[in-house]
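So the structure is just underneath, and the comments pick up after that.
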Amino acid sequence: MARAPNYDQERKERDRQKAAKKAEKLAAKVAARERSKPETETENETEE
């Protein structure tokens with residue numbers, strides 16, 4: 001006989017994976033912003 005599905009556990013796992021993916025995207029966005037930030041600051045300083 002097959003095991004009964006554990007829907008609650010499956011939902012928690014999907015939610016955990018979604019949260020991890022969201023955190024990874026946010027971290028990548030912050031890292032990209034930090035990489036581009038010093039370049040624009042140096043350009044602004046040389047223009048003034």
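Heavy-atom basis, side chains included; hydrogens, waters and symmetry copies ignored.
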Sorted by chain and number, sequence neighbours left out, side-chain contact (heavy atoms from CB on, under 4.5 Å) with Glu24 holds for none
Got a sec, which residues hit side-chain contact (heavy atoms from CB on, under 4.5 Å) with Asp8, two or more places apart in sequence or on another chain?
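Asn6, Arg11, Lys12.
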Any side-chain heavy-atom pair of Lys21 and Gln17 under 4.5 Å
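No - every pair of side-chain heavy atoms lies 4.5 Å or more apart.
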Drop me the distance from Arg14's CZ to Gln9's CD, to the nearest 0.5 angstrom.
11.0 Å
Excluding sequence neighbours, so at least two apart, what forms side chain to side chain donor-acceptor pair (under 3.5 Å) with Arg16?
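For Arg16, the residues satisfying side chain to side chain donor-acceptor pair (under 3.5 Å) (neighbours in sequence not counted) are Glu13.
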